[in-house]
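Before any comments, here is the structure.
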Amino acid sequence: MKQYDLIVVGTGGANIVVDAAQKKSLKIAQIEKGKFGGTCLTRGCIPTKVMVTAANAIQEIEEFKHIGVHTSEPTLDWDFMSKRVWHMINESNDIYEYYNAFPNIDVYRGAATFVSDKVMKVHMNDGTESEEITAPIIVLGTGGHSNIPNVPGLKDAGYLSSESLFGDKYPKKPYKSLAILGAGPIGSEFAHVFDSAGTNVTIIQRNVRLVPKEDADASEHLLKNYKARGINVLLNQTTEEVRLENGEKVVVTKDRTTGEITETRVEEILIATGIKPSVEELHLENTNIEQHPGGWIKTNEFLETSVDGIYAMGDVNGEPAFRHRANYEADIIAHNLFYAETPEDYRWARYDVLPMVTFSYPEIGHVGLTEEEAIKAGYNVGTGKNYYSSTAKGFAMGITPDSINNGFIKIVVDKDTNNILGVHVTGPQASILFQPYVNLMNSGETALKAINEDIGSARTKELRAKGLIRQMDPHSVITIGETMSPHPSLSELAMWTQVFYENRW
Ligand SMILES: Cc1cc2nc3c(=O)[nH]c(=O)nc-3n(C[C@H](O)[C@H](O)[C@H](O)COP(=O)(O)OP(=O)(O)OC[C@H]3O[C@@H](n4cnc5c(N)ncnc54)[C@H](O)[C@@H]3O)c2cc1C
């Protein structure tokens with residue numbers, strides 16, 4: 001059996017752990033069954049944001065008339081944009097080359113499977129099987145993939161997911177018409193992109209709201225804007241059936257309250273109804289790793305699983321699916337494994353300061369609790385709202401109180417303490433506007449708070465017993481480095497300066 005110091009499965013956020021171990025000259029097995037760089041680079045955040053940025057420009061040009069600038073009608077050059085999309089996706093090859101060049105890293109291209117708790121083998125993509133490998137530390141960063149609903153006729157009619165859209169089904173030109181099933185962040189972003197490209201888009205959503213995890217006022221604002229653009233939005237629907245008719249795909253939906261049936265005829269269907277964890281090939285049944293319902297791997301605040309020495313980070317552990325969250329967790333694992341010496345050095349994860357952005361148009365971003373959640377949690381809740389139109393810059397941008405794009409910031413406060421519980425922004429550049437609040441909420445004293453307390457190595461039990469408090473000094477560049485910023489947003493430009501600072505030493 002081949003012995004390593006560290007096995008890392010998945011090459012998304014988990015690469016941060018590989019990078020740290022590589023600096024320590026450890027013997028590493030890095031395993032990836034798909035494209036290097038993971039979901040974000042090859043079929044997620046990055047290619048979609050190349051598309052979204054072009055789509056934003058189309059919408060912004062439409063708004064220029066409000067400030068006295070006139071142009072001819074803008075069009076999206078699909079070929080040009082697609083070349084930029086694939087340029088980024090193909091950076092995956094460079095990532096593979098980069099890791100493969102290190103003598104202390106063995107790169108396995110295939111699917112990792114557990115034989116027992118600390119023993120794995122790899123079903124290589126070339127059809128062979130690796131010898132058994134083992135390591136005292138294993139990091140699972142296997143991510144997630146589209147959860148395809150079981151709708152009669154869907155499989156026969158054919159559909160797209162983010163995997164096939166950024167794979168063998170990437171369209172040579174925008175579809176004439178597209179039904180998007182699901183209106184979380186991914187569905188809402190694709191609706192914006194394809195509508196801007198001239199596609200006739202219909203959103204089919206089970207919930208009564210678009211982006212239901214966002215503040216209710218923000219999703220209302222998005223709905224108003226999407227309808228005004230001519231996007232057809234069907235809320236509160238169950239999808240009953242899909243059938244092929246005269247070369248078209250017919251999506252049959254039923255209103256969950258009235259029972260009214262609607263038939264939507266489209267060229268293509270895109271499924272964006274959520275993700276499930278990529279655990280199938282790991283064969284966790286051969287281990288003592290516990291899972292939540294739905295298959296997500298159960299982890300604690302140190303990202304430990306129920307097997308000592310095995311960690312799970314990113315989408316596979318079921319916390320909100322964002323690349324900056326995966327990076328944050330990988331950073332914590334790497335820091336604790338390779339740099340922490342005294343108990344006070346250890347870092348732990350907290351999710352109440354996780355920024356979340358939907359790159360729709362208008363953009364939506366938030367950190368912390370919604371008004372609804374704060375009330376449910378028993379706080380004495382106060383809210384404040386400020387509209388873009390009430391600022392000089394908003395006026396300069398042509399936004400007036402009755403503009404359709406008159407977005408807002410909404411702050412949710414605990415009236416008993418004046419503490420900020422949540423901040424929600426919708427409108428231009430929302431993704432960067434709430435960053436100061438993320439930094440504020442992440443600063444100060446942070447007490448170690450157990451997550452899934454039943455999981456804990458001997459060291460974790462010791463750290464919990466100490467009642468550790470971490471001082472997040474708001475003046476320190478280290479605090480900036482340990483504060484999440486939404487990916488990919490221009491906040492990263494300001495926040496990642498710490499990386500350059502650290503490299504000076
Ligand atoms: C369309 C879309 C848009 C998105 N937009 C954003 C956004 O704007 N901002 C944002 O923050 N997040 C966004 N996300 C979410 C983000 O991409 C994910 O949260 C993030 O990539 C998860 O990182 P990860 O490290 O957990 O896993 P991944 O990046 O998914 O990496 C997991 C890797 O593990 C590999 N793997 C799985 N099982 C095995 C196995 N058994 N053996 C070997 N390899 C295995 C997979 O091939 C994959 O490459 C988007 C996602 C999608 C689908």
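Each residue takes its place number in the sequence, starting with 1. Read the numbers this way: they start at 1 and go in the same order the structure lists the ligands and their atoms. Computation of the quantities below employed the complete heavy-atom set of this structure, encompassing side-chain atoms and omitting hydrogens, waters and symmetry-equivalent molecules.
Counting the atoms of ligand 1 from 1 in the order shown, those under 4.0 Å from a heavy atom of C40 are 17 (O), 21 (O). Near G143, meaning under 4.0 Å from any of its heavy atoms, are these atoms of ligand 1: 26 (O), 27 (O), 30 (O), 32 (C). Residue-ligand proximity, G12 to ligand 1, at heavy-atom distances under 4.0 Å covers atoms 25 (O), 29 (O), 31 (O). Close contacts of ligand 1 with K35, meaning ligand atoms under 4.0 Å from a residue heavy atom, involve 49 (O). Of all the atoms in ligand 1, the ones that sit under 4.0 Å from a non-hydrogen atom of T48 are 1 (C), 3 (C). Applying the 4.0 Å criterion to heavy atoms of L282 picks out, from ligand 1, the atoms 41 (N). Those atoms of ligand 1 with a heavy atom of F359 less than 4.0 angstrom away are 8 (O). Set against the non-hydrogen atoms of H487, the atoms of ligand 1 under 4.0 Å away are 7 (C), 8 (O), 9 (N), 10 (C), 11 (O).
Nearest protein heavy-atom neighbour of atom 39 (C) of ligand 1: T142 CG2, 3.7 Å. Summary of contacts: the protein heavy atom closest to atom 2 (C) of ligand 1 is G44 CA, 3.4 Å. Ranking the protein heavy atoms by distance from atom 44 (N) of ligand 1 puts K33 N, 3.2 Å first. Looking only at protein heavy atoms, the nearest one to atom 52 (C) of ligand 1 is I186 CD1, 3.4 Å. When only non-hydrogen protein atoms are considered, atom 32 (C) of ligand 1 lies nearest to G141 O, 3.1 Å. Among protein heavy atoms, atom 23 (O) of ligand 1 sits closest to A326 CB, 3.9 Å. Considering only non-hydrogen protein atoms, atom 13 (C) of ligand 1 sits nearest to C45 SG, 3.3 Å. Of all protein heavy atoms, the one closest to atom 8 (O) of ligand 1 is K49 NZ, 2.7 Å.
Taking 4.0 Å as the cut-off between side-chain N and carboxylate O, K2 and D106 count as a salt-bridged pair. With respect to the salt-bridge test (charged N to carboxylate O, under 4.0 angstrom), the residues E281 and K33 qualify.
Contacts of V9 with ligand 1, taken as heavy-atom pairs under 4.0 Å, involve the side chain alone. Counting heavy atoms closer than 4.0 Å to ligand 1, residue F36 contributes nothing at all.
In this structure, the ring of H324 has its center no less than 6.0 angstrom from the ring center of H487. Checked against the 6.0 Å centroid threshold, Y361 and H192 count as a close aromatic pair.
Because its NZ or CZ atom is both nearer than 6.0 Å to the ring centre of Y96 and within 45° of the ring axis, R109 counts as a cation-pi partner of that residue.
The number of heavy-atom neighbours closer than 6.0 Å to CG of D454, taken from other residues, nucleotides and ligands shown, is above 12. At most 12 non-hydrogen atoms from other residues, nucleotides or ligands lie less than 6.0 angstrom from CD of E220. No more than 12 heavy atoms of other residues, nucleotides or ligands lie within 6.0 Å of NZ in K449, so this atom counts as exposed by the packing criterion.
Using a non-hydrogen distance threshold of 4.0 Å, P47 does not register as a contact of ligand 1. Using a 4.0 angstrom heavy-atom cutoff, G110 counts as in contact with ligand 1.
Using modelled atom types, no side-chain atom of N317 and backbone atom of K298 make a donor-acceptor pair closer than 3.5 Å. With hydrogens and angles disregarded, a donor-acceptor distance shorter than 3.5 Å links the side chain of T134 to the backbone of K118. No side-chain donor-acceptor contact under 3.5 Å links N15 to the backbone of V18. Remark: side-chain polar atoms of D117 are paired, donor with acceptor, to backbone N or O of N288 under 3.5 angstrom.
One option in I46, N317, D315 has a heavy atom closer to atom 18 (C) of ligand 1 than any other, and that option is D315. With T39, T358, N15, N125 as candidates, the residue nearest to atom 28 (P) of ligand 1 on a non-hydrogen basis is T39. Heavy-atom proximity to atom 46 (C) of ligand 1, evaluated over E32, R323, Q30, M51, is greatest for E32.
Backbone and side-chain nitrogen or oxygen atoms of S162 are examined, and none is located within less than 3.5 angstrom of a nitrogen or oxygen of ligand 1. Below 3.5 Å of separation, one finds no N or O of E281 facing any N or O of ligand 1. Residue A112 places at least one N or O, backbone or side chain, under 3.5 Å from an N or O of ligand 1. Residue E189 has no N or O atom closer than 3.5 Å to an N or O atom of ligand 1. On a distance-only criterion, G10 and ligand 1 share no N/O pair closer than 3.5 Å. When only interatomic distances are considered, the shortest N/O to N/O separation between F322 and ligand 1 falls below 3.5 Å. For ligand 1, one of its N or O atoms has an N or O atom of G13 under 3.5 Å away.
A tilted orientation is assigned to the rings of F190 and F194, their planes being inclined by 30° to 60°.
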Please lay out, stage by stage, how T370 and E372 fare under the test side chain to side chain donor-acceptor pair (under 3.5 Å). CA-CA 5 Å; T370 61; E372 245 175 354; 4.7 Å; no
Before you tell me yes or no, could you show the steps for R206 and T238 under side chain to side chain donor-acceptor pair (under 3.5 Å), namely the whole-Å CA-CA distance, both residues' side-chain angles and the distance that decides it to 0.1 Å? CA-CA 6 Å; R206 187 181 162 82; T238 53; 5.7 Å; no
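In this structure, the side-chain contact (heavy atoms from CB on, under 4.5 Å) partners of S82, at least two apart in sequence or on a different chain, are W78, Y170.
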Pair up each side-chain donor or acceptor in residues 425-432 with any protein partner under 3.5 Å, not counting sequence neighbours, and list the distances.
residue	atom	partner	partner atom	Å
T426	OG1	E363	O	3.3
S431	OG	E363	OE1	2.7

